[in-house]
Amino acid sequence: MMRKPIYLFLLMVPLAIQGQSVSEPPQWAKSVVWYELFVERFYNGDKSNDPTPSDINVPNQSEVPEGWSVTPWTTDWYAMEPWAKKMNKHFNEVVTFRRYGGDLEGVLQKLDYLKQLGITALYFRPLNDAPSLHKYDARSYHHIDANFGPDPVGDRKIIASENPNDPTTWQWTSADKLFLKVIDEAHKRNMKVVLDYSWNHTGIMFWAFQDILKNQEKSAYKDWYMIKLFDDPTTPSNEFAYDGWIGIQSLPEIKKVDVTTLRRVGHPYEGDILPAAKKHMYDVSRRWLAPNGNTKQGVDGYRLDVADHVGLKFWREFRKEVRSIKPDAYLVGEIWWQKWPEEFMNPAPYTGGDVFDAVMFYHVYRPARYFFAKTDFEIDAKQFKDSLVFQWNRVSPATRDAMMNVSSSADAPRLLTDFFNRSKYKKATKPGDDPSFKTGKPDRESYDRLKLYLIHAFTNYGAPHVYNGEELGMWGSDDPDDRKPLWWKEYTFEPENRNNFQPTSAAYDPVGFNAEMFEHYKKLIAIRNSKPVLVDGKFEFLTTQGKMLSYVRRDGKHKDIVVLFNLEESEKDFQVPHAQYVDLMTNKKVKGSTIKMKPYSGLVLEVVK
């Protein structure tokens, strides 16, 4: 066979990949604006595929209550449905059974909205076939949840016809095909797509675990999980016992092998996953990175859940596998708490070039909240600077720039509510933990302070991140209240009871789309997307005195951008390095090397040359 000239091979390699170092984040990662999609609560584009009781039922674990039905999108979040009232349980227990019908058709219908907002990267919370809302309890890793597609009944038949451990038998369900369409349409709009997986555990309905339940020690998959004891068929009782993730029995944990260092939650350790289970994970990863062998049709990377629970040996090999398929794929790990609620994990062991490209960088949000919000843990500008510099210096500049700078998510309070409460970050951040935690519409000060924080978030190192509906002005405490259906402009919502857990009379807040917050997000995203200096420029602090903060982003090629905040209670003068600017938030000219700023105000100034 004639060998092709080397230059022809190079022409076949996508230009975006040529020169991409395996040890560095992909070049595109630093310039995107992320949007985190929680599909079930994003938009219901196809009511014909709404879940039924059988779709979400887990026998002997989470059985659907009698009379259950899909909850109308626009109802009061805290109002109990008729079926929920019959359960006689706490709201947080009942709400796990709720479904609103959000689906991939809804995402398709709103892609142009996301494009107009300025979003350039989509991070999908788990889509794999699973009975729960969160979908980390996979029934199948390699299929999209049937209720996210147009033909749930037909998809279930297709899934049942396969050998799930043999990729040659895998087919594309209607939901799978619709997700491929979403990827294609997102790519046409110059949006990257990243998909969420947890390789640490499955659900009890996962096909391998179901085989173990049926066949016990005779199961071909008996070594896949952390089984403590198999059932003894000679006794009337069931002795079967296994480890669930952090003790949760609905999430059986995949077995870890070759563990050579101490395994502790919140700390990296050396270890691997059983080869047979690992092969399945690789097969699934390849399926979505290169559908039918075509990387252009696949996802652009993965977000990896509870990454500290999986050994570093696995992650190193996983990176090599993913990058061998798609050299510019992005891997971002959930590396969060070393000791809750005080100590964050050090991202360095995971971002040295051999594991992940980035982590979900909550690490820079906490000090920002303590600076911008009114809390009981206030810090001044110098302390804020020191906190940021400490976090940035833990990683390389390339990693720092590629970080997914998460502020709120499906695992944290919405920003408005976080700014409305004075509590410690992520401690007792829902009324079930603290009845005094405020869940109603925030006060004016919370909106104003949050708007200042957002200016910082979109002018900081790293890639900005917007959680599902934040731009609509949504509020809500920690899980489950951060997972309300989105407040779309075209909908009219019932008022929401702010005294939902308090032993007082009901008081209602109007609920719905907030044009002021939406325009603020849209303006900041446009600034971020149109100013390369905010991606590549160095970050130099100018003023860090009391509650006065200013800094400049500078790259030597584009116009400097100077960012100023006055969180003092009185008017303050700021010294700036140039004499003529344009205020990018208002397009007004600003002159003078001394700028007078009102209390609780912020500016984004571009130098006029």
Side-chain angles (χ1 to χ4, degrees), residues 25 27-34 118 120-121 358 361 363-365 367-368 371-372 381-382 384-405 407 451-466 520-545 548-567 574-595 597 601-609:
Q27 285 295 311
W28 60 261
K30 64 183 178 180
S31 62
V32 297
V33 175
W34 290 99
T120 52
F361 212 29
H363 306 56
V364 293
Y365 169 66
F371 178 73
F372 286 99
K382 185 180 184 305
F384 182 35
K385 171 190 172 181
D386 291 345
S387 296
L388 290 178
V389 171
F390 172 72
Q391 296 296 346
W392 293 337
N393 286 345
R394 288 174 133 183
V395 298
S396 72
T399 299
R400 176 202 64 204
D401 292 348
M403 285 292 194
M404 183 188 280
N405 282 352
S407 306
K451 288 170 72 175
L452 294 178
Y453 162 69
L454 291 170
I455 290 174
H456 166 69
F458 282 88
T459 57
N460 193 11
Y461 280 140
H465 167 281
V466 181
H520 190 65
Y521 272 93
K522 190 174 181 180
K523 170 66 74 172
L524 288 170
I525 293 171
I527 291 171
R528 178 76 184 197
N529 285 337
S530 63
K531 305 298 178 183
V533 69
L534 294 177
V535 175
D536 292 312
K538 293 185 181 300
F539 192 111
E540 179 184 337
F541 288 97
L542 300 175
T543 305
T544 55
Q545 178 181 341
M548 297 168 60
L549 173 70
S550 64
Y551 50 83
V552 60
R553 298 295 306 273
R554 179 181 291 138
D555 65 4
K557 296 184 294 183
H558 303 91
K559 297 175 183 178
D560 292 359
I561 290 180
V562 178
V563 185
L564 308 97
F565 300 100
N566 179 21
L567 274 78
F574 284 74
Q575 302 302 312
V576 290
H578 303 277
Q580 294 188 62
Y581 298 90
V582 172
D583 180 352
L584 294 179
M585 297 298 291
T586 64
N587 292 322
K588 293 180 180 179
K589 293 182 179 180
V590 178
K591 294 184 178 181
S593 57
T594 299
I595 295 178
M597 293 188 65
S601 64
L603 290 172
V604 184
L605 304 178
E606 184 178 54
V607 174
V608 175
K609 291 186 178 179

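Fair warning: this is a prediction, and the values are worked out from it, not measured in the lab.
Listed by chain and residue number, Phe344, Phe361 satisfy the ring-ring contact (aromatic ring centres under 6.0 Å, His included) test with His363 (two or more places apart in sequence, or in another chain). Judged as a salt bridge (Lys or Arg N to Asp or Glu O under 4.0 Å), and not counting sequence neighbours, the contacts of Lys531 are Glu606. The ring-ring contact (aromatic ring centres under 6.0 Å, His included) search around Tyr521 returns none, not counting sequence neighbours. Not counting sequence neighbours, Lys538 has no partner by the salt bridge (Lys or Arg N to Asp or Glu O under 4.0 Å) test. Under the ring-ring contact (aromatic ring centres under 6.0 Å, His included) criterion, Tyr581 pairs with no residue, sequence neighbours left out.
Nearest heavy-atom pair, Val533 versus Ile561, reported as atom, atom and distance to 0.1 Å: CG1-CD1, 3.6 Å. Closest of all the heavy-atom pairs between Gly602 and Phe565 is CA-CD2, 4.1 Å. Minimum heavy-atom separation, Asn460 to Phe539: OD1-CE1, 3.8 Å. Scanning all heavy atoms of the two residues, the minimum distance from Ala398 to Pro25 falls at O-CG, 3.8 Å. What you find for Ala381 and Gln545 is that their closest heavy atoms are CB-N, 3.8 Å. Contact record, Val32 with Thr120: CA-OG1, 3.2 Å, taken as the closest heavy-atom pair.
Although no hydrogens or angles enter the test, the distance criterion places no donor-acceptor pair under 3.5 Å between the side chain of Ser601 and the main chain of Met597. For the pair Ser387 (side chain) and Pro367 (backbone), a donor-acceptor distance under 3.5 Å is absent. Judged by distance alone, with hydrogens and angles left aside, the side-chain atoms of His465 form no donor-acceptor pair with the main-chain N or O of Trp34 at under 3.5 Å. A distance-only check finds no donor-acceptor pair linking the side chain of Asn405 to the backbone of Val364 [under 3.5 Å]. Although no hydrogens or angles enter the test, the distance criterion places no donor-acceptor pair under 3.5 Å between the side chain of Thr399 and the main chain of Val395. Although no hydrogens or angles enter the test, the distance criterion places no donor-acceptor pair under 3.5 Å between the side chain of Asp583 and the main chain of Lys589.
Because its NZ or CZ atom is not both nearer than 6.0 Å to the ring centre of Phe458 and within 45° of the ring axis, Arg528 does not count as a cation-pi partner of that residue.
Interatomic distance, Phe541 CZ to Lys385 NZ, rounded to the nearest 0.5 Å: 6.5 Å. Note that the NZ atom of Lys30 and the CG atom of Leu534 stand 13.0 Å from one another [nearest 0.5 Å]. A distance of 7.5 Å separates CG in Leu454 from OG in Ser407, rounded to the nearest 0.5 Å. Atom CG of Leu549 and atom CG of Leu567 lie 8.5 Å apart (nearest 0.5 Å). Rounded to the nearest 0.5 Å, atoms CD1 (Ile455) and CD1 (Ile527) are 8.0 Å apart. Taking CD1 of Ile525 as the start and NZ of Lys523 as the end, the distance is 12.5 Å to the nearest 0.5 Å.
The salt bridge (Lys or Arg N to Asp or Glu O under 4.0 Å) contacts involving residues 554-567 comprise Glu540-Arg554, Arg554-Asp560, where partners must be two or more places apart or lie in separate chains.
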Give the intermediate values and the outcome of side chain to side chain contact (heavy atoms under 4.5 Å, CB included) for residues Leu584 and Leu605. CA-CA 6 Å; Leu584 294 179; Leu605 304 178; over 6 Å; no
Could you go through Gln391 and Tyr461, starting from their C-alpha distance and side-chain angles, then the distance that decides it, and tell me whether this counts as side chain to side chain contact (heavy atoms under 4.5 Å, CB included)? CA-CA 11 Å; Gln391 296 296 346; Tyr461 280 140; over 6 Å; no
Given Val576 and Leu564, is the side chain to side chain contact (heavy atoms under 4.5 Å, CB included) satisfied, shown in steps? CA-CA 9 Å; Val576 290; Leu564 308 97; 3.7 Å; yes
Decide side chain to side chain contact (heavy atoms under 4.5 Å, CB included) for Leu603 and Val562; before the verdict, give the C-alpha distance in whole Å, the side-chain angles of both, and the deciding distance to 0.1 Å. CA-CA 8 Å; Leu603 290 172; Val562 178; over 6 Å; no
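Tyr551 and Thr544 share no side-chain donor-acceptor pair at under 3.5 Å.
Between Tyr453 and Tyr365, the distance from one ring center to the other falls under 6.0 angstrom.
Side-chain contact between Asp401 and Val535 is absent, with no heavy-atom pair separated by less than 4.5 Å.
Dense packing is recorded around CD of Gln575, with more than 12 heavy atoms of other residues, nucleotides or ligands lying under 6.0 Å away.
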